[in-house]
Number of protein chains: 2
Amino acid sequence: MKMTEGVEWTAHACALLAALPPGIGLPANALAEFHALAPAYMAKHMQALARGGVVESVRGAGGGYRLARPATDISLWDIVEAIEGAEPAFRCSEIRQQGPCVTPNGDFRKPCEIHSAFGKAEMAWRAHLKSVSLADIATEVTRKSSPQKRAAVTVWLQEKLA
Amino acid sequence: MKMTEGVEWTAHACALLAALPPGIGLPANALAEFHALAPAYMAKHMQALARGGVVESVRGAGGGYRLARPATDISLWDIVEAIEGAEPAFRCSEIRQQGPCVTPNGDFRKPCEIHSAFGKAEMAWRAHLKSVSLADIATEVTRKSSPQKRAAVTVWLQEKLA
DNA sequence: CTATTGCGGACATTTAGCATCCGGATTATA
DNA sequence: TATAATCCGGATGCTAAATGTCCGCAATAG
Ligand code: FES
Ligand code: FES
């Protein structure tokens with residue numbers, strides 16, 4: 001039950017993009033640099049985000065990644081889905097259909113109780129992630145950060161966007 | 001984000017134990033046989049359940065595993081915790097403390113928004129699993145199974161408990 | 001004493017995650 | 001038009017974890 005590191009990486013990257021003026025983006029290299037992450041691997045993750053429709057890519061000089069939608073319309077679940085896929089963590093291999101006591105006319109149309117319990121738990125998890133938007137996160141992070149921090153970020157951004 | 005197969009294996013094994021008369025158990029071999037699972041690996045998982053306090057082990061001839069508590073007091077989360085551990089799936093490596101814009105007096109006592117959002121989602125997931133007991137599952141499974149199936153299980157159990 | 005059973009460690013195999021690199025395509029800019 | 005910046009997808013290697021087996025030891029019932 002471990003989530004890929006890439007989720008933390010890309011969630012923070014998206015939070016940074018969400019703090020930018022709408023339509024403005026950053027190249028993958030800059031997004032990696034901002035959190036001191038491996039640039040090549042970050043690039044891979046950003047490609048996955050683009051395939052998942054969370055960000056848009058702009059190729060060529062001056063290009064980069066920007067949010068594909070307003071930050072209010074992007075949830076943490078969208079990011080998880082793009083990076084990890086939509087497969088449930090609990091994978092049922094229908095072991096109830098195996099063994100010495102399976103009856104030939106066994107009725108397996110009804111879902112397994114265990115399977116559905118885990119399914120519902122996972123839906124609760126997803127629902128919570130869907131309820132948190134990038135805008136929520138970006139505003140909270142900005143509100144909580146010190147003036148020095150904000151200034152440092154502004155300077156860095158001006159250099160990167162120049 | 002994948003859960004170990006062992007959770008499905010042991011959850012079904014515990015459901016079987018919950019259907020037995022209180023205090024009665026089965027050896028790991030029988031639990032594996034019932035769902036046609038790899039006996040040696042099932043034994044490993046049952047040891048983990050015992051370490052986690054979900055089942056009790058009885059050594060020696062005629063021994064085996066039985067539930068450590070009434071089935072109403074054992075939840076699916078107890079099983080997940082015993083097999084997978086209590087570590088959250090989302091592991092924050094505090095990447096916000098890295099990069100060119102971190103201020104020396106950065107205040108990282110406040111939790112990261114992203115981190116806490118994932119933490120809350122995971123708590124919702126656990127809460128749902130904690131709300132489902134083995135007794136719930138065992139009664140539902142028994143209720144839904146056909147008379148032939150119940151008869152086959154009874155015969156098999158008599159052979160194993162003899 | 002012997003057969004049964006759980007316990008823990010060692011070990012091998014397979015799979016998934018982490019990370020890098022490269023060639024090709026696209027585009028702004030000089 | 002030439003050049004540099006940038007994304008894209010695939011190939012590749014490395015590491016960690018999950019999967020699965022085996023063995024010797026300890027406990028216990030008969
Ligand atoms: S058969 Fe897969 S969870 Fe029950
Ligand atoms: S620093 Fe780890 S989730 Fe924000």
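Side-chain atoms are counted along with the backbone in the values below, which use heavy atoms only and exclude waters and symmetry mates. Letters A, B, ... mirror the listed sequences (proteins, then strands); counts begin at 1.
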Quiz prompt | Contact pattern, 5' to 3', of nucleotides 14-25 of chain D - B, S or - by protein heavy atom under 4.0 Å | solution = ---S-BBB----
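To the nearest 0.5 Å, atoms CD1 (B:Ile79) and CD1 (A:Ile114) are separated by 7.0 Å. Between the CD atom of B:Glu5 and the CZ atom of A:Arg91 there is a distance of 6.5 Å, given to the nearest 0.5 Å. Atom OG of B:Ser57 and atom CZ of B:Arg51 lie 10.5 Å apart (nearest 0.5 Å). Distance check, rounded to the nearest 0.5 Å: NZ of B:Lys160 to CZ of B:Phe34 gives 11.5 Å. For the atom pair CG of B:Leu76 and CG of B:Leu134, the computed distance is 6.5 Å after rounding to the nearest 0.5 Å. To the nearest 0.5 angstrom, B:Thr154 atom OG1 is 10.5 Å from B:Leu161 atom CG.
B:Arg96 and B:Glu94 are joined by a salt bridge, as a carboxylate oxygen and a charged side-chain nitrogen come within less than 4.0 angstrom of each other.
Classified by interplanar angle (parallel below 30°, tilted 30° to 60°, perpendicular above 60°), the ring pair A:Trp9/A:His45 is perpendicular.
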Quiz prompt | side chain to side chain donor-acceptor pair (under 3.5 Å) assessment of A:Glu8 paired with B:Ser93 | solution = CA-CA 8 Å; A:Glu8 188 188 3; B:Ser93 43; 2.8 Å; yes
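Close approach of DNA chain C to chain B, defined as any atom under 4.0 Å from a non-hydrogen atom of the protein, starts and stops at C:dT4 to C:dA16.
Mapping B:Gly60 and B:Tyr65 onto DNA chain C via the closest heavy atom, the residue that lands nearer the 5' end is B:Gly60.
Of all the residues in residues 19-31 of chain A, A:Pro27, A:Ala28 reach under 4.0 Å from DNA chain D with at least one non-hydrogen atom.
Around the NZ atom of A:Lys130, the shell of radius 6.0 Å holds more than 12 heavy atoms that belong to other residues, nucleotides or ligands.
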